[in-house]
Amino acid sequence: DFSVSADVTDSAGETRSGSQMVKLGFTALDLHVGAPQWLEAGKPFSLSITTNTLDGKPVPTEGTFLVHTLKGPETPVRKPFTGAVASHPSDPAWWAEGPVAAEGSFSTPAGGNVTQEVTLKAGAYRVTVRAKDRYGKECKAPLTLLVFDPAATRAVIPVPHYFKVKAPSVEPGETFVALWGTGYAKGSAFMEIEHRRKILRSWW
């Protein structure tokens, strides 16, 4: 990121200033892919693909996307207590890619945003979106997805612990839905519901 500033003084001695932020990169395209936090097995969801210039202006672009299954460890691996370690098997973002589960092409309009509907089984996946900037350079954007089956009695993803909420907030009278699980053969979690610093309910 660079900031370009200019000060101009007119004949009356009055000075005016202006500045502009400029972003430079190896490509001229800012490519991004996103997905909802709650991903349910067998139910379609939308991948959101955005294409902008480095200065954040929408730009129409054509590209492709691939969804690979991920090969996790045979048993869950806990994260090290000493901090994050690159390529650690506890993080699905570092797992090796397996077969392709879904693929397609996209074309973002002038607004620079398009959605692609995908349906996946329970498991871990990596989405890779590819497109070329106006100079022909390839850009890619990866995204790790964890898809769960709320009705399952065992998790198929070998992670020690996960906790997902269907919606971060609900209206009075609505139902709050959360999903907890572990990739170990068995495990337990202690749950608490707190309201205004008062524990309303606690259970295993």
Side-chain angles (χ1 to χ4, degrees), residues 30-50 65-102 113-129 141-204:
D30 183 12
L31 181 64
H32 178 76
V33 57
Q37 289 295 312
W38 182 272
L39 301 177
E40 211 168 311
K43 292 189 176 181
F45 64 91
S46 294
L47 293 173
S48 176
I49 301 172
T50 58
F65 69 91
L66 282 174
V67 182
H68 285 90
T69 58
L70 295 182
K71 300 176 180 178
E74 299 224 352
T75 58
V77 179
R78 291 181 180 274
K79 290 184 179 180
F81 291 108
T82 54
V85 177
S87 71
H88 195 273
S90 64
D91 187 354
W94 295 98
W95 293 354
E97 292 181 352
V100 174
N113 182 270
V114 70
T115 58
Q116 296 288 321
E117 194 171 90
V118 179
T119 303
L120 299 170
K121 298 178 181 179
Y125 300 88
R126 179 175 299 123
V127 180
T128 305
V129 178
L143 176 67
T144 302
L145 303 177
L146 300 182
V147 181
F148 299 98
D149 180 3
T153 55
R154 285 196 61 182
V156 297
I157 305 175
V159 292
H161 158 88
Y162 62 84
F163 180 73
K164 298 288 183 180
V165 296
K166 194 167 186 178
S169 62
V170 293
E171 295 295 326
E174 293 182 344
T175 300
F176 174 75
V177 179
L179 178 68
W180 177 86
T182 176
Y184 288 112
K186 58 181 180 178
S188 57
F190 184 69
M191 311 286 189
E192 285 186 331
I193 298 178
E194 178 183 341
H195 177 247
R196 295 180 178 176
R197 298 185 181 181
K198 180 181 179 181
I199 303 298
L200 301 182
R201 185 182 172 193
S202 301
W203 77 100
W204 283 94

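Predicted model only: the values in this text are computed from it and were never measured. Nothing fancy with the numbering, it's 1 onward along the sequence. Hydrogens, waters and symmetry mates are skipped; everything else that's a heavy atom, side chains included, is used.
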(message) Check this for me: Glu174, atom CD, are more than 12 non-hydrogen atoms of other residues, nucleotides or ligands nearer than 6.0 Å?
(response)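 Counting neighbours around CD of Glu174, more than 12 heavy atoms of other residues, nucleotides or ligands fall under 6.0 Å, so yes.
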
(request) Kindly indicate, with the supporting measurements, whether the criterion side-chain contact (heavy atoms from CB on, under 4.5 Å) is fulfilled by Leu70 and Glu97. (result) CA-CA 5 Å; Leu70 295 182; Glu97 292 181 352; 4.1 Å; yes

(message) Quick one, Ile49 with Leu31, criterion side-chain contact (heavy atoms from CB on, under 4.5 Å). Give me CA distance, side-chain angles, the key distance, then yes/no.
(response) CA-CA 7 Å; Ile49 301 172; Leu31 181 64; 4.2 Å; yes

Do [X] and [Y] have side-chain heavy atoms sitting under 4.5 Å apart?
X	Y	result
Leu145	Phe45	yes
Lys71	Trp95	no
Ile193	Phe176	no
Tyr184	His161	no
Glu194	Ile199	yes
Phe65	Leu47	yes
Leu39	Leu120	no
Tyr125	Pro92	no

(request) Determine, stepwise, if the pair Phe148 / Leu179 fulfils side-chain contact (heavy atoms from CB on, under 4.5 Å). (result) CA-CA 9 Å; Phe148 299 98; Leu179 178 68; 3.6 Å; yes

Examine distances only and state if a side-chain atom of [X] and a backbone atom of [Y] form a donor-acceptor pair shorter than 3.5 Å.
X	Y	value
Arg126	Ala93	yes
Thr128	Leu66	no
Ser46	Glu117	no

(message) Please find the pair of heavy atoms, one from His68 and one from Val100, that lie closest to each other, and give the distance.
(response)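 Between these two residues, the closest heavy atoms are NE2-CG2, 3.4 Å.
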
(message) For a quick test of reading the model, state the closest non-hydrogen atom pair linking Gly187 to Trp180 and the distance between them.
(response)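 Heavy atoms of Gly187 and Trp180 come nearest at C-CH2, 4.0 Å.
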
(message) Out of the candidates Val129, Asn113, Leu143, Thr50, only one should pair with His32 under the side chain to side chain contact (heavy atoms under 4.5 Å, CB included) rule; please name it.
(response)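 Going through Val129, Asn113, Leu143, Thr50 one by one, the side chain to side chain contact (heavy atoms under 4.5 Å, CB included) with His32 is satisfied by Thr50 alone.
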
(request) Could you walk me through whether Val114 and Gln116 pass the side-chain contact (heavy atoms from CB on, under 4.5 Å) test, one step at a time? (result) CA-CA 7 Å; Val114 70; Gln116 296 288 321; 4.2 Å; yes

